[in-house]
Structures are given as structure tokens and as C-alpha cells.
Amino acid sequence: MAPLELDFDSCYRAVSARDSRFDGRFYTAVKTTGIYCRPICPARTPSSRNVRFYRHAAAAEAAGFRPCKRCRPELSPGDPGWDLRGDLVGRALRLIDDGAADERGVAGLARRLHITERHLHRLFVSELGVGPLAVARTKRLLLAKQLLTETGLPITDVAFAAGFGSVRQFNATMRETYGFTPSELRATAGRWAREPGPAGQVTLRLRLHPREPYDVEGVFAFLAARAIPGLETADQASYSRAVPGGTITLTPCSDHLALDVAVDDTRQLNRIVARCRRLLDLDADPDAIAQALGRTSLGPLVAARPGLRVPGAFDGFELAVRAVVGQQVSVAGARTLLGRVVDRAAAPGGLFPSAECLLDADLTGLGLTNRRVETLKELAALVAEGHIDLDGGQDPAEAVAELLRVRGIGPWTASYIALRALRDPDAWPTGDLVLAKRMADLGITHDHIERWRPWRAYAALHLWSSS
């Protein structure tokens with residue numbers, strides 16, 4: 001499904017049918033109630049003369065509408081069209097999700113994208129109807145609404161977890177935008193028990209909703225096979241890892257994935273949620289992928305694995321190191337080597353070493369070749385100096401070009417990084433021996449690869465998963 005143009009009749013038909021394929025692609029604002037909803041809202045469909053449609057929740061809020069308490073727009077999956085396009089607005093939205101605007105302001109966000117603040121604002125208004133500041137504010141408010149509704153986190157902690165500078169600012173913003181205070185929302189949401197955690201830590205659970213269908217078994221099996229000892233613990237029923245200030249655990253449930261967070265600084269929560277969604281590829285468009293690939297030689301594989309996803313990365317640099325270490329070795333062998341790297345160079349709390357830490361670490365005696373160590377050091381230096389941005393700020397094509405300049409990184413490694421860290425849905429791991437063998441087994445010739453655009457990353461996962 002291509003990025004949706006907000007044609008009124010098409011949107012209204014989707015709302016009338018409560019079509020889940022459109023969830024997250026637009027929001028329906030009802031003039032008579034002052035509320036905006038997801039397309040799947042179970043409430044009675046409003047008269048067409050009373051509705052407006054907005055591409056982003058921030059645009060609806062800027063027009064004076066507040067989120068529906070019934071369908072809860074904060075649980076909506078992201079619009080997959082931005083990943084497919086990978087343009088400046090899409091990358092800016094990814095960085096806002098990652099907390100870049102909260103940490104550095106819109107000016108800092110623009111600098112990371114190497115454009116002016118004015119140009120960034122103009123792009124956002126053109127595409128979404130509101131500027132990046134409004135988008136960041138809505139992101140904070142919707143996270144706060146979810147925390148107030150689903151957890152027993154004290155309101156003061158909710159304010160800071162959502163990125164507000166003070167409780168007073170939080171109260172004023174929520175009252176101004178939604179018409180009620182945090183305490184009023186908490187009172188109507190029911191009582192939640194606050195889970196005990198280690199001293200100084202806050203433990204809470206949030207729900208993450210994927211765009212259905214979702215091949216949860218395939219995703220968790222993929223992550224479990226590649227879990228790094230000392231950093232991750234995973235099987236088909238759960239995935240846990242160290243994150244800054246604590247740990248997270250993801251568990252499949254009937255209609256969502258449960259995210260359990262135990263951290264000592266809730267201000268990291270926005271980033272954790274965004275990175276977990278990318279790690280699990282929750283916002284992909286399975287219908288569009290199935291329609292495109294199902295008509296090709298991959299049709300039987302697509303039919304056998306509905307909702308297959310491309311597992312992403314919690315941290316872009318970590319994934320790049322995984323790719324380099326995994327060159328020409330088995331998945332199990334790469335796990336062993338990466339476990340040794342973590343054991344030798346892990347940051348406090350058992351975190352995967354940052355680019356700066358790896359640059360200073362002694363990697364001799366771990367089973368890595370001298371050439372592989374040199375490649376890792378050169379990669380770490382370029383990431384530490386900001387020449388390569390693997391967490392969303394750089395155009396994927398530019399990032400791949402920079403990666404290919406690193407001695408020891410070839411087309412396969414760069415493409416694998418693009419596929420998982422840069423979230424390029426069309427990345428193809430050139431020269432992958434497993435893919436070549438599987439295609440030969442299925443009688444698929446090399447020229448079919450071009451027919452799988454723009455979803456070649458998903459074609460690769462179908463082939464890998466079928467071997």
C-alpha cells in the first residue's frame with residue numbers, strides 16, 4: 001500500500017469499515033465532539049459532514065481536537081510510509097521518536113539532519129500540517145497518556161518520563177491540549193499496582209501493538225538465534241536485554257507485545273519504546289508486502305509466513321559491529337565472538353560498548369583476525385566522530401556509501417546494516433551464500449531479485465526463514 005493521500009472519500013470508507021490496514025496512516029477528527037480517533041475506533045461512525053482527516057495526531061491536536069479515550073490513538077502503530085520513503089521528514093520523525101527533539105530541541109534536530117531549522121519546519125508543515133515542535137509535543141503527551149492509563153507510575157515521574165521539564169508544565173500542557181489534568185485522567189483510568197523493582201529503579205509494563213498480521217514466532221526465533229551472551233537472553237517466548245540504566249523484557253501476548261521496563265531514569269522511556277518498535281518491526285505494512293511479493297516467485301513462501309517481519313536493531317552501532325563480526329562465520333560463531341567482545345569491553349551495566357568504548361578497547365585474543373579488529377576500530381572512529389549516523393539521522397544511501405569506504409566492509413556487510421539498522425525495506429544482502437543456495441533450491445534465477453523491489457529486505461527474510 002503506497003503512502004496514503006488524504007482523499008476524503010477513501011478515508012471515510014476506511015473509517016466506516018473500521019479497516020485496520022489504515023490504522024496509524026491518518027486520524028479522524030469529529031467536529032461535534034472535539035475528539036480525534038483511529039480509523040478502527042469502535043464508536044458509531046460519525047456523519048461525513050462532521051469529520052475531518054489528519055495525517056498525524058499532532059495536526060489534529062493543533063486544530064483543537066483531543067484524543068479518544070476509547071480507541072486510544074497513543075496505541076496506534078506508526079505510518080509505514082515514512083520508512084519506505086526514507087526522506088528528511090521520515091528521518092526526522094524517527095529521531096523525534098528517539099527523543100532527539102527533547103534532548104537538543106528542534107534546532108539540534110535540524111543540525112543532526114544537516115539542514116536549517118527553517119527548512120525543517122517548512123517540510124513538516126508541507127507534509128503533516130504542523131511543525132516538528134508540535135509533533136514532539138504530541139509524542140510526549142501521548143506517551144504520558146499511556147503511562148497514566150496503563151501504569152501506576154506517580155504523576156511526577158510520568159511528567160519527566162514523557163519529556164516535560166516540570167510537573168507544572170505537564171499539567172498546564174495537558175489541560176490546555178486535552179481539557180483535563182493528569183490526575184483527572186488517572187482517576188478515570190482505574191487503579192494500577194506499582195511493581196516493586198531494584199533499589200532506585202522503576203518497573204512498569206506497557207503494551208506495544210503491531211500492525212497485523214504479525215509473525216511473532218519468526219521475529220523472536222530470529223532474535224533468539226542471535227542473542228549475545230552477557231547482553232541478551234531470548235527464546236520464542238521472550239526477549240530481554242540490558243539498556244541504559246536497567247533492563248527490558250519483551251513478551252508476546254494475544255493481541256500485543258508486553259514491554260516490561262526496569263530503569264533508574266524514566267526519561268529514557270520514549271527512546272526505549274521507539275527502539276523496541278523498530279527492533280520488532282511493528283510498524284511494517286504486511287498487506288502491501290504480501291501483495292507485492294505474493295505475485296512473484298516467492299508467492300508460496302509469502303503465503304506460508306503471513307506477517308513476516310525484518311527484525312531491526314536496538315542500537316545501530318551495535319548492529320554494525322554484529323555485521324562485521326559475522327562476516328564469513330556461522331550465526332553461532334558470531335554469537336560467541338560478540339559475547340567475548342561484550343565481556344571485554346562492555347559499558348557499565350552490561351551495555352554493548354559504544355563507539356568510543358570500542359575504539360579504546362583491547363580486542364586482541366578474542367578470536368578476531370587482525371583485519372577484523374582494524375575494521376571495527378575504523379568503523380568505531382567514524383561513528384564516534386559523527387561521519388556515520390546509524391540511528392536515523394543520515395540518508396540510508398549516504399550511510400551505505402560511507403560504510404563502503406571502511407576497509408573490510410563490503411556490499412554484503414553494508415547491505416545487512418542497511419536492512420536491519422537503517423530500516424531500508426529494499427536492502428538486499430549482495431553475495432549472501434545462504435540466499436543464493438535457497439534461490440537455487442527453489443529454481444529462482446538472479447533476475448527475480450529486481451522484481452522484488454521495493455521490498456527486497458522482506459524477500460531476503462522469506463528466503464532465510466525457509467532454509
Side-chain angles (χ1 to χ4, degrees), residues 1 80 83-84 86 210-227 234 236 239 278-313 319-320 322-335 396 400 403 409-467:
M1 187 179 295
D83 278 341
L84 183 60
R211 192 178 301 279
E212 298 288 354
Y214 184 74
D215 180 21
V216 65
E217 292 182 1
V219 171
F220 277 73
F222 186 97
L223 295 175
R226 293 159 179 79
Q236 290 197 349
Y239 170 86
R278 292 200 295 271
L279 174 69
L280 302 179
D281 197 16
L282 299 184
D283 300 325
D285 189 341
D287 291 314
I289 296 164
Q291 288 174 19
L293 298 181
R295 295 191 297 263
T296 72
S297 51
L298 293 177
L301 301 185
V302 174
R305 298 292 294 272
L308 180 139
R309 295 299 207 268
V310 175
L319 193 281
R322 288 175 183 259
V324 171
V325 171
Q327 293 170 347
Q328 301 176 338
V329 299
S330 66
V331 171
R335 281 186 65 190
V400 167
L403 287 167
I409 291 184
W412 180 89
T413 306
S415 297
Y416 187 78
I417 295 169
L419 183 148
R420 293 192 61 196
L422 303 180
R423 309 300 306 141
D424 180 358
D426 200 38
W428 176 260
T430 304
D432 187 283
L433 297 180
V434 176
L435 292 179
K437 182 180 185 304
R438 188 57 183 146
M439 288 173 65
D441 292 343
L442 295 171
I444 301 174
T445 56
H446 188 77
D447 62 296
H448 282 236
I449 296 173
E450 287 300 308
R451 304 179 192 178
W452 299 332
R453 290 184 181 275
W455 306 110
R456 294 188 302 173
Y458 293 86
L461 258 292
H462 273 293
L463 290 165
W464 276 332
S465 300
S466 67
S467 57

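- Considering every non-hydrogen atom in both R420 and L223, the closest pair reads NH2-CD2, 4.1 Å.
- Nearest approach of W455 to I289, heavy atoms of both residues: CE3-CG1, 3.5 Å.
- Side-chain contact check for V219 versus D281: every heavy-atom pair is 4.5 Å or farther apart.
- Contact detail for S466 and L463: the closest heavy-atom pair is OG-O, 2.9 Å.
- The two atoms that bring A313 and L319 nearest to each other are CB-CB, 3.6 Å, heavy atoms only.
- The shortest heavy-atom contact between R456 and W428 is O-CE3, 3.5 Å.
- Taking every heavy atom of both residues into account, Q291 and R295 meet most closely at O-NH1, 3.0 Å.
- The shortest side-chain heavy-atom distance between R309 and L461 does not fall under the 4.5 Å cut-off.
- Inter-residue side-chain proximity for R438 and W464 is flagged as unmet; no heavy-atom pair is nearer than 4.5 Å.
- Side chains of P286 and Y458 form no contact here, defined as non-hydrogen atoms less than 4.5 Å apart.
- Checked against side chain to side chain contact (heavy atoms under 4.5 Å, CB included), D215 has the following partners two or more places apart in sequence or in another chain: E217, R305, L308.
- At a threshold of 4.5 Å between non-hydrogen side-chain atoms, the residues H462 and V302 count as touching.
- At most 12 heavy atoms of other shown residues, nucleotides or ligands fall within 6.0 angstrom of atom CD in Q328.
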